[in-house]
Amino acid sequence: MAFPSYVKTIFYSIAMILALVFSLLGPAMGQLIVGFYSSTCPNAEEIVSSVVQEAVHEDPTMAAALLRLHYHDCFVQGCDGSILIDGSDAERQASNHAGVRGFEVIERAKAQIEDVCAGVVSCADIVALAARDAITLSNGPQYQVPTGRRDGQRSNVSDADTMPDSGDSIQLLKDKFGEKGLSEKDLVLLTGAHTIGTTACFFLERRLYDFLPGGGSDPTINPQLLPELKSQCPQNGDVNVRLGLDRGSDQKFDVQILRNIRDGFGVLESDAKLYTDESTRQIIDSYSGSLSATFGPFFERDFIDSIVRMGQIGVKTGLNGEIRRVCSAFN
């Protein structure tokens, strides 16, 4: 039986309304969904991708910066854009956020989105989407980001005190991740984000020159790596000099970072510590073995699961939070 055209139009309208209602109900119940803005701002993700692509083209190191920005945002007050707020006492001023950047890229994407659908897309979602695009542009996997986050209304420098730190013990790192609902496997996989990017000599001073009583280097550093690190970060030298985190593959998203950690080529102390602990060592070995590329587990696939899970830490949805007009200031 054929329906008249006006009946089809009514059915279609009802379906569109229901789709919109369910897209709003999901986050109201505390859940994110893929394609949250498909009806309210259908070009949002495309705009973010375009802005990120342009930024990474101008500065290839921006990919790692945007991935790190997402991580630092989520580990303090949840993934709510709190790190984006600018101010003398705002969270981004915390020493635990030293070197975090990419704020201007998020603002640029936000401004372009506001031009086409004002007051709809949160800064917190833009951060998560930008991290995804940064991974893809670094030869990493493509994946879908559940959206529907709202922006937080608190940003205080003291809130960042609980951020994981490169000098933390392996147990403390496990505890900090566990407090966020993340497992030891997530700890290893999200540390794997260091497959792209750099660090500053500031974070290596203790490991290179004052690790042992009376001075000395961390004995777990591979003898081939130690002189390389010391030449790039000489004692009493410029602590702002930057060097790659993933020896031999610091601009490509791949499993090499875990193989480097296994072989003593982990640059950061916290990375290296993962191989001194039995449980995290087994996880690293499972991804860096000769057969893993064929039979699994697969680093890129599992990394996606972990970063999507991280992106749901403490999210604000529904009537909680706000949609900022600009990302650097509360409404």
Side-chain angles (χ1 to χ4, degrees), residues 64-103 106 122-124 127-128 131 149-184 186-194 197-207 210-211 218 239-240 242 245 266-274 276-277 280 306-307 309-316 320-322 324 327-330:
L66 291 170
L67 178 53
R68 186 181 183 216
L69 180 62
H70 182 36
Y71 167 75
H72 278 253
D73 183 37
C74 289
F75 261 80
V76 182
Q77 298 296 314
C79 312
D80 66 349
S82 58
I83 196 173
L84 304 174
I85 295 297
D86 196 8
S88 58
D89 294 323
E91 179 192 320
R92 75 158 80 173
Q93 305 301 330
S95 59
N96 284 348
H97 289 324
V100 174
R101 59 193 181 95
F103 303 105
I106 305 301
S122 70
C123 298
V127 171
R149 300 167 185 79
R150 290 173 66 85
D151 298 318
Q153 296 171 294
R154 172 188 171 89
S155 181
N156 191 284
V157 67
S158 63
D159 293 336
D161 291 346
T162 58
M163 272 293 299
D165 184 81
S166 61
D168 286 345
S169 68
I170 187 64
Q171 187 57 53
L172 184 54
L173 289 171
K174 288 181 179 181
D175 291 344
K176 287 182 176 180
F177 272 68
E179 288 169 0
K180 303 298 181 182
L182 299 175
S183 67
E184 294 177 2
D186 292 320
L187 169 60
V188 171
L189 289 163
L190 292 172
T191 297
H194 291 163
T198 62
T199 190
C201 289
F202 172 81
F203 295 102
L204 298 179
E205 283 190 304
R206 175 180 174 273
R207 192 174 186 219
D210 197 27
F211 190 82
D218 181 350
V239 296
N240 295 312
R242 303 196 69 83
L245 284 168
V267 174
L268 289 177
E269 181 180 345
S270 54
D271 290 7
K273 283 177 180 175
L274 293 178
T276 65
D277 176 82
T280 51
S306 285
I307 197 168
R309 189 158 40 249
M310 183 194 78
Q312 301 186 53
I313 295 174
V315 294
K316 295 165 180 63
N320 294 322
E322 63 181 10
R324 293 184 204 143
C327 294
S328 59
F330 302 121

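All of these numbers come straight from a predicted model, not from anything done at the bench.
With sequence neighbours excluded, no residue satisfies salt bridge (Lys or Arg N to Asp or Glu O under 4.0 Å) with Arg68. When the side chain to side chain donor-acceptor pair (under 3.5 Å) test is applied to Asp210, no partner is found at least two apart in sequence or on another chain. With sequence neighbours excluded, the residues satisfying salt bridge (Lys or Arg N to Asp or Glu O under 4.0 Å) with Asp168 are Lys176.
The shortest distance between side-chain heavy atoms of Lys174 and Asp277 falls below 4.5 Å. The closest side-chain heavy-atom distance from Ile307 to His70 is below 4.5 Å. Taking 4.5 Å as the limit, every side-chain heavy atom of Thr162 sits out of range of all side-chain heavy atoms of Val76. Side-chain atoms of Asn96 and Asp165, non-hydrogen and from C-beta on, do get closer than 4.5 Å to each other. Taking the side chain as every heavy atom from C-beta outward, Phe202 and Asn240 never approach each other to under 4.5 Å. Two residues are said to be in side-chain contact when any heavy atoms from C-beta on lie closer than 4.5 Å; Arg92 and Val100 fail this criterion.
Counting only N and O atoms by type, the side chains of Thr191 and Asp271 include no donor and acceptor under 3.5 Å apart. With hydrogens and angles left out, the side-chain atoms of Asp89 and Gln93 include no donor and acceptor closer than 3.5 Å. Remark: the Ser82 side chain and the Glu91 side chain contain an N/O donor-acceptor pair separated by less than 3.5 Å.
Of the candidates Pro164, Ser166, Ser169, Ser270 forms a side-chain contact (heavy atoms from CB on, under 4.5 Å) with just one, namely Ser166.
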